[in-house]
**Q** 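Take a look at this one; I'll ask things after.
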Amino acid sequence: MRTNLVLLILVMCFTFHSCTYKKKQTYNHPDKEIVEVWSNFLKTIEQKNKNEFRKLSSNKIDCYVCPDNTPQEYEELNKLRAENDDWHEIYNSKTHISIDTFLQQDLNIIFNSDFVTILKTKKTIFSKADTNVYQILVTTTEPTLEHEGGQHNFKFKKENGIYKFCEIGTIP
């Protein structure tokens with residue numbers, strides 16, 4: 001009887017402890033450097049300063065929102081999908097673009113004033129992918145009962161000791 005009582009007390013203590021135990025959380029505190037780069041990036045796109053944008057960016061941009069960011073491009077991409085078995089290769093060639101192409105064709109379409117406001121006001125998450133890469137996630141569409149929500153992701157990679165913008169995409 002006494003053994004059962006001790007066992008019951010141990011089980012209750014274990015249960016209580018496991019229910020109240022909080023897993024130690026680790027928080028990703030971004031480096032001051034990347035926070036400053038992001039701030040400059042936002043200021044640059046708000047001012048539509050192409051020269052400064054070029055300085056903040058890599059020579060090549062992986063732009064996963066570029067191939068179909070106009071109705072004409074969207075239609076062309078759908079046509080490519082329908083007509084080509086290797087449309088993935090064509091799509092990849094349209095996502096890896098030079099900074100000159102990005103500045104000329106995509107910068108003003110993507111970074112319109114409404115989108116810039118969203119980037120400046122919505123929740124931003126800094127995630128260090130490795131010692132030289134930061135992924136910055138911004139919740140651009142809040143989840144609802146009808147929609148899962150979404151984020152835009154921006155990748156900054158160190159080049160010659162300086163973080164440079166090199167990728168934009170969406171999740172999902």
Side-chain angles (χ1 to χ4, degrees), residues 27-81 84 86-143 147-172:
Y27 296 97
N28 186 6
H29 297 289
D31 296 337
K32 182 180 177 185
E33 180 183 7
I34 194 64
V35 172
E36 193 172 302
V37 167
W38 180 245
S39 178
N40 288 339
F41 183 80
L42 292 175
K43 185 170 64 173
T44 299
I45 59 175
E46 182 176 41
Q47 295 171 349
K48 300 191 183 305
N49 185 334
K50 289 185 177 183
N51 290 330
E52 189 62 26
F53 190 91
R54 181 185 302 279
K55 291 178 190 175
L56 295 172
S57 302
S58 292
N59 291 329
K60 291 278 186 185
I61 306 294
D62 292 336
C63 183
Y64 298 100
V65 297
C66 290
D68 61 353
N69 62 13
T70 67
Q72 180 184 0
E73 289 175 335
Y74 182 78
E75 191 175 304
E76 287 175 16
L77 194 60
N78 281 337
K79 191 175 179 182
L80 285 172
R81 284 184 189 127
N84 295 287
D86 63 345
W87 72 270
H88 287 287
E89 291 178 30
I90 297 167
Y91 176 80
N92 283 338
S93 71
K94 292 179 173 285
T95 59
H96 307 295
I97 58 176
S98 71
I99 184 63
D100 293 329
T101 301
F102 186 86
L103 289 171
Q104 187 177 52
Q105 297 177 8
D106 300 297
L107 180 70
N108 291 332
I109 293 172
I110 295 169
F111 295 111
N112 62 49
S113 60
D114 290 339
F115 188 60
V116 172
T117 299
I118 289 169
L119 295 179
K120 291 174 65 181
T121 59
K122 294 289 187 168
K123 181 179 179 181
T124 303
I125 300 167
F126 295 84
S127 176
K128 194 166 191 172
D130 68 36
T131 56
N132 293 317
V133 177
Y134 258 99
Q135 192 84 6
I136 298 174
L137 304 168
V138 181
T139 302
T140 50
T141 306
E142 296 293 333
H147 191 276
E148 64 187 318
Q151 294 178 312
H152 274 76
N153 63 300
F154 303 86
K155 187 183 283 184
F156 289 81
K157 185 175 184 178
K158 271 196 176 178
E159 294 177 7
N160 299 319
I162 300 169
Y163 283 109
K164 299 278 189 160
F165 169 67
C166 63
E167 182 180 307
I168 180 174
T170 59
I171 303 168

**Q** What is the minimum heavy-atom distance between V65 and D68, and which atoms define it?
**A**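 Here V65 and D68 meet closest at O-OD1, 3.9 Å.
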
**Q** For the residue pair F156 and F126, is the inter-centroid distance of their aromatic rings smaller than 6.0 Å?
**A**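 Judged by ring-centre distance (under 6.0 Å), F156 and F126 do not meet the cut-off.
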
**Q** Looking at every heavy atom in both V138 and I118, which two are closest together, and how far apart are they?
**A**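 For V138 and I118, the tightest heavy-atom pair comes out as CG1-O, 4.2 Å.
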
**Q** Quick one: does T117's side chain have a donor or acceptor within less than 3.5 Å of a partner on S113's backbone?
**A**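 Such a contact is found between T117 side chain and S113 backbone.
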
**Q** Does any part of the side chain of D106, heavy atoms only, come nearer than 4.5 Å to the side chain of I61, both counted from C-beta?
**A**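 With C-beta onward as the side chain, the pair stays apart.
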
**Q** If we ignore hydrogens and angles and just use 3.5 Å, is the side chain of N49 paired with the main-chain N or O of N51 as donor and acceptor?
**A**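 Judged by distance alone, yes, a pair lies under 3.5 Å.
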
**Q** Do W38 and F165 make a side-chain contact, defined as non-hydrogen atoms from C-beta onward lying under 4.5 Å apart?
**A**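 They are not in contact (no side-chain heavy atoms under 4.5 Å apart), so the answer is no.
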
**Q** Mind checking the OG-NE2 spacing from S93 to H88? Nearest 0.5 Å is all I need.
**A**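 Interatomic distance, S93 OG to H88 NE2, rounded to 0.5 Å: 13.0 Å.
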
**Q** Kindly say whether E142 contributes a backbone atom to a donor-acceptor pair with the side chain of T139 at under 3.5 angstrom?
**A**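 Not confirmed, T139 side chain does not pair with E142 backbone.
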
**Q** What verdict does the side chain to side chain contact (heavy atoms under 4.5 Å, CB included) test give for N40 and E52, after you've listed the backbone C-alpha separation in whole Å, the side-chain angles of each residue and the deciding distance to 0.1 Å?
**A** CA-CA 9 Å; N40 288 339; E52 189 62 26; 5.8 Å; no

**Q** Calculate, to the nearest 0.5 Å, the distance between atoms CG and CZ belonging to L107 and R54 respectively.
**A**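 If I round to the nearest 0.5 Å, the distance is 10.5 Å.
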
**Q** Minimum heavy-atom separation for I45 to F111, with atom names?
**A**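 Of all heavy-atom pairs spanning I45 and F111, the closest is CD1-CD2, 3.5 Å.
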
**Q** Is the backbone of D114 close enough, under 3.5 Å, to the side chain of N112 for a donor and an acceptor to pair up by distance?
**A**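 Yes; judged by distance alone, with no hydrogens or angles, the pair exists.
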
**Q** State which residue, out of H152, K122, Q151, fulfils the side chain to side chain donor-acceptor pair (under 3.5 Å) condition with T140.
**A**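 It is H152, the one option of H152, K122, Q151 that forms the side chain to side chain donor-acceptor pair (under 3.5 Å) with T140.
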
**Q** Roughly how far, to the nearest 0.5 Å, is the NZ atom of K50 from the CZ atom of F102?
**A**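 Between F102 CZ and K50 NZ, I get 10.5 Å after rounding to 0.5 Å.
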
**Q** Which atom names give the shortest non-hydrogen contact between I110 and F115, and what distance separates them?
**A**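 That would be O-CD2, 3.2 Å.
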
**Q** Out of K164, E159, K155, which residue meets the side chain to side chain donor-acceptor pair (under 3.5 Å) rule with S58?
**A**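 Testing each of K164, E159, K155 against S58, the sole residue satisfying side chain to side chain donor-acceptor pair (under 3.5 Å) is E159.
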
**Q** If you measure from CG on L42 to OG1 on T124, what distance do you get to the nearest 0.5 Å?
**A**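 Here the interatomic distance stands at 7.5 Å.
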
**Q** Taking everything shown except K48 itself, do over 12 heavy atoms lie less than 6.0 Å from its NZ?
**A**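 Count over threshold, so yes.
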
**Q** For the CD atom of Q105 and the CG atom of D100, what is their distance to the nearest 0.5 Å?
**A**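 It is 10.5 Å, given to the nearest 0.5 Å.
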
**Q** Considering residues, nucleotides and ligands other than K157, do more than 12 of their heavy atoms fall under 6.0 Å from its NZ?
**A**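 For K157, atom NZ is not crowded (no more than 12 foreign heavy atoms under 6.0 Å).
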
**Q** Take atom CG of N59 as the centre, draw a 6.0 Å sphere, and report whether it contains more than 12 heavy atoms from other residues, nucleotides or ligands.
**A**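 Check fails, neighbour count at 12 or below.
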
**Q** Heavy atoms, side chains only, cut-off 4.5 Å: are Y64 and H96 in contact?
**A**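 When only atoms from C-beta onward are counted, H96 and Y64 do touch, with a gap below 4.5 Å.
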
**Q** Inspect the surroundings of CD in E75 and state if more than 12 heavy atoms from other residues, nucleotides or ligands are less than 6.0 Å away.
**A**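 At most 12 heavy atoms, drawn from other residues, nucleotides or ligands, come within 6.0 Å of this atom.
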
**Q** Can any side-chain N or O of D130 pair as donor or acceptor with the backbone N or O of V133 at less than 3.5 Å?
**A**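 A pair under 3.5 Å: yes.
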
**Q** What is the minimum heavy-atom distance between P30 and Y134, and which atoms define it?
**A**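 The pair with the smallest heavy-atom distance is CA-OH, 3.4 Å.
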
**Q** Are side-chain N/O atoms of R81 and N78 paired as donor and acceptor at under 3.5 Å?
**A**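 Yes - a donor-acceptor pair under 3.5 Å links their side chains.
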
**Q** Could you pull out the closest heavy-atom pair between F154 and I168, with the gap in Å?
**A**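 Closest pair (atom of F154, atom of I168, distance): CE2-CD1, 3.5 Å.
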
**Q** As an exercise, state the distance from CD1 of I90 to CG of L80, rounded to the nearest 0.5 Å.
**A**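 Rounded to the nearest 0.5 Å, the CD1-CG separation comes out at 5.0 Å.
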
**Q** Please check if the number of heavy atoms outside K158 that lie under 6.0 Å from its NZ is greater than 12.
**A**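 Enclosed: over 12 neighbouring heavy atoms sit under 6.0 Å from NZ of K158.
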
